[in-house]
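What follows is one structure encoded as structure tokens, with my remarks underneath.
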Amino acid sequence: MTAGLLLAAQQPAAAGPNLVKNPGFETPGSGDMPLCWAKSGWGDNDFTFTTTADAHTGSAAMRVELTRRVDGDRKALITESTACAPYVAPERQYDLSFWYKSTTPDTALTLFRHDTTTGWQYWTDLRTLPMEDDWTRSEVRTPAIPPDTDRITWGVSVFGTGSVTTDDYAMEEVAPPPPDPVCTATAEECAKGRWEVLPTKNPVRSVHSVVLHGGTPTQAGGSGGGKVLLIAGSGNDPGLFEAGTFTTALYDPVAGTYKDIPTPADMFCAGHVQLADGRVLVMGGNKGYPSADGSIGYQGLRDSYIFDPETESYTRTNDMNGGHWYPSATLLGDGDVISFGGLKEDSTGSVTAEKFSAAENRWLPVHQVNQTWSFWGLYPSMILMQDGRLFYSGSHVFGNGTPGTGASIYDYDANTITDVPGLRNKDQRDESASVLLPPAQDQRVLTIGGGNNETNPAANRTTDIIDLKQPDPRYTAGPPLPQGLVDQGHGKRPQTGDEGKMYVSAVLLPDGKVLETGGGLHDRADPVYEASFFDPVTDTYEEGLAADPIPRTYHSSAFLLPDGRVMAVGDNPGNGTYNHNVSIYTPPYLLKGPRPRITSVAEGEWRYGDTQRITVDRPIVRAELIRPAAVTHSSDPNQRFVDLPMSVVDDQTIDLNVTSNPNLAPPGWYMLFAVDAAGIPSVAEWVHLGAPAAAAAAGHGTPAAHDAPAAHDAPSAHVHDFAGDLGKSPKKNPGKRSSAPVSPKVAGCDRNYGTAGVCVPLAFPAPVKATTKSRCDWLAAHGYGRLKVNGKHDPLRLDPDRDGRACGKGDLRRHRGR
């Protein structure tokens, strides 16, 4: 969220009028509901709305009751009309309160907003209400009102059998904001941020980056902990593969040191995900490099391992059902992991869905996993939706020409795939990045850039946005990706026309924006020096940020550290080299004055539907959970930012309201940030979501323990009716099969030249001419040097003198000008 939208200081509500009309249901309406109140809800359930005399004050209250429920909810809402719905001002916040008693834990305070262009729409859930036998007051603060919003309406949703009775609603505007912060660095740094290249280099050719949890909550205001697991395996070095030399390093960002971790298998281009308990599941990898003649490509590994941050070591799990090189990995709301795609042991495409059971701590056999026998490509971006389905965003690595529209929704329970329209240039989204925009409750996905590793055009500037809250969601065009400087081997020049980026990194930041950084203009070549912020509130880019001075193309990663900075590693261009420099980005929000501090967290173990108390050293306007990164090849489908609506006790005491829906925040460790009115975040505290509340807390009298329901009263997930009316019908699944055909050239490399770690492009980028000289000049400019010709074939005509070496003096002398 922009600084301009974080303008409500954490102050008590202003002493002003109650903005809710007929707050106690005392005035009858023209029908069977009180004035300015309306029935709402959806789904298969039996319900009643009753104006009851069992009131908190006065003579009337509203009871909503469900006696049978299959799905959906029911709620009494302020009527969506100009006469009844309270008017609001963008960028402001409002304190909402009411009195209630309930016989079900399955209740939530739900908000809708009126957009001046598109009309009324769901906004967010603010709080799950604990069961209460007697009248209890609940108060919660709205997020900053979004742009183009002039009115809101709200009420209590009931989504389980039982009743909720409410009375005496109030809505008051929060006091005006404090003055703007003062820049603490140069004016340019405060506007653009700054990069630092660390003096100590990354010791391994890391392809995978995982930010590990910091254990129990850190000392308030401390460093935030969080070591970084940097996995290389053989690191795209066939020599290391042949020698059985596989590496992992553990980086400590506080000490600035690296520790070597014994690595049992070639985890190069594996999949990885953080389990609910904080261990890292690593699946698949590289069983073998392509053959010298290119007749067989990369071969997937069946092996699977778990890295334990406590012991800092790997242990082996059972094998997957097949090999997977470049598999996806998505954590589900129940803590299980589902994986698709990649290449099998024989280099064909894997059509086997794999599922890791959290309860059994093992990969399930094929017959226990729903199978569509579909090939999803390599590293397909599979994002968990709020109802448990998976959204395939269309981002992938190598996999052009996969059937369909390029994006789809997969329903595991129904075992169906339904295409979703609107993704532009679906076969030029190689190495694009997709991210679930902040907050996760908004259910919007941004897909950025990409190219095509086989035809090798200039990467594009295309960005597309999809709102999965819509009944029939479809991608719509986003703003074009900002441009920067590109180095094509002859020095940097400004990008022109439609030139964009592939291999781009997208990082969720604690101020609610997305940092996009790094990337290249062509497959494994031509780094682009550019960075920008995407603001999901306005759907615009903030251009011209400081750019990482180190090239970041193939096999690079960027990710958020618990202290609010961003770390970037890696670069593995087609010539087989690897850049071991590490960069750290300090965003402008860290250069705008002192940071707020989280001075205490009542509990480190959080559960769904909780109210958790924190204290801070000064006013804040928002708090959120950000899942630590597990990223490779521009892909981290589990990255998410979960809003924590606040109930404000005073300037320094805040109750945070945790979603009841584990599909919005899958179980595991999260970074908890508190953010002030200027968008300045605290250092993160680590909290663990999904475990039962600590038994001892009940005896400590803490507010969190008081608000938390008993174990048997834990709320169900509040699932909304989103994406429930897809315009297309599910596709017919293929029949049972063992694999999908995939070309050995799927990686876009001509294996007739060099080693398996070197990628001479199948198609040279424009304007390289189809001549020996032009192609050899391009290879020389990109640092390839002389390359061995593997066998007798020379399809690119790089060895006209046939001495077995490409681009030698004899080759250029003999074919000068051709």
Side-chain angles (χ1 to χ4, degrees), residues 203-216 225-235 240-241 243-252 258-287 300-332 334-339 342 345 352 354-366 368-369 627-632 636 638 666-669 686 688 690-691:
V204 302
R205 295 167 60 102
S206 56
V207 177
H208 311 269
S209 302
V210 184
V211 177
L212 304 174
H213 70 81
T216 55
K227 295 180 181 179
V228 182
L229 188 70
L230 299 168
I231 305 174
S234 63
L240 294 179
F241 178 81
T245 303
F246 310 130
T247 58
T248 299
L250 190 61
Y251 173 65
D252 185 335
Y258 294 86
K259 176 182 177 180
D260 177 66
I261 303 296
T263 307
D266 192 5
M267 297 173 181
F268 167 58
C269 294
H272 45 58
V273 65
Q274 304 202 42
L275 298 173
D277 59 8
R279 297 176 302 157
V280 180
L281 177 66
V282 183
M283 66 211 69
N286 181 37
K287 183 182 178 182
L301 197 65
R302 290 174 179 256
D303 297 25
S304 177
Y305 294 85
I306 287 179
F307 180 82
D308 188 336
E310 301 299 327
T311 63
E312 297 184 348
S313 63
Y314 291 105
T315 58
R316 188 163 183 169
T317 71
N318 67 316
D319 289 348
M320 294 186 291
N321 294 291
H324 295 269
W325 185 75
Y326 280 57
S328 72
T330 303
L331 184 70
L332 304 178
D334 61 2
D336 289 352
V337 174
I338 195 162
S339 177
E345 298 97 318
T352 305
E354 305 269 9
K355 196 171 188 183
F356 185 85
S357 168
E360 300 179 36
N361 200 43
R362 69 184 183 103
W363 292 99
L364 298 176
V366 171
Q368 292 183 20
V369 183
R627 193 169 186 90
V631 61
T632 186
D636 183 0
N638 301 289
W669 286 90
W686 288 97
H688 186 253

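Every value quoted in this text rests on a predicted model; they were computed, and no experiment measured them. What's counted below: heavy atoms across the whole structure, side chains too, no hydrogens, waters or symmetry copies.
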Under the ring-ring contact (aromatic ring centres under 6.0 Å, His included) rule, collect the residues that match up with F246, sequence neighbours excluded.
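Listed in chain order: nothing, the list is empty.
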[Y] backbone acceptor or donor facing [X] side chain under 3.5 Å:
X    : Y    : result
Q368 : W363 : no
E345 : G323 : yes
N638 : A329 : yes
D266 : S234 : yes
R316 : S304 : no
S339 : S328 : yes

Kindly compute the distance separating [atom1] ([X]) from [atom2] ([Y]), expressed to the nearest 0.5 Å.
X    : Y    : atom1 : atom2 : answer
M320 : T352 : CE    : OG1   : 10.0 Å
H208 : M267 : NE2   : CE    : 9.0 Å
C269 : W325 : SG    : CH2   : 5.0 Å
F268 : L301 : CZ    : CG    : 12.5 Å

CA sep, side-chain torsions, deciding dist, call: R362, L364, side chain to side chain contact (heavy atoms under 4.5 Å, CB included):
CA-CA 6 Å; R362 69 184 183 103; L364 298 176; 4.1 Å; yes
So, using side chain to side chain donor-acceptor pair (under 3.5 Å) as the criterion, who are the partners of T248 when residues are at least two apart?
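Testing T248 for side chain to side chain donor-acceptor pair (under 3.5 Å), a comparison that skips the adjacent residues, returns T263, Y314.
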Walk me through whether V273 and M283 qualify under side chain to side chain contact (heavy atoms under 4.5 Å, CB included).
CA-CA 9 Å; V273 65; M283 66 211 69; 4.1 Å; yes
Which atoms form the tightest heavy-atom contact between [X] and [Y], and what is the distance?
X    : Y    : value
L331 : P666 : CD2-CB, 3.7 Å
G278 : P309 : O-CG, 3.4 Å
G284 : A270 : O-CB, 3.4 Å
A249 : Y258 : CB-CD2, 4.2 Å

Heavy atoms of other groups near K355 NZ, more than 12 under 6.0 Å
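Count over threshold, so yes.
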Sequence-distant partners of [X], side chain to side chain contact (heavy atoms under 4.5 Å, CB included), two or more places apart:
X    : answer
T247 : V204, A232, T245
D308 : R279, E310, T311
A358 : D336
E312 : K227, L250, K259, I261, F307

Is there a side-chain contact between [X] and [Y] in this structure, where contact means two heavy atoms from C-beta onward sitting under 4.5 Å apart?
X    : Y    : answer
L229 : H272 : no
N361 : F356 : yes
N321 : E354 : yes
H213 : P628 : no

May I ask you to decide if the ring planes of W669 and H688 are parallel, tilted or perpendicular, using 30° and 60° as cut-offs?
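Rings of W669 and H688: tilted, as their planes differ by 30° to 60°.
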Hey, mind stepping through V228 and L212 against side chain to side chain contact (heavy atoms under 4.5 Å, CB included) and telling me if it holds?
CA-CA 6 Å; V228 182; L212 304 174; over 6 Å; no
Side chain to side chain contact (heavy atoms under 4.5 Å, CB included) for S209 and V631? Distances and angles first, verdict last.
CA-CA 5 Å; S209 302; V631 61; 4.0 Å; yes
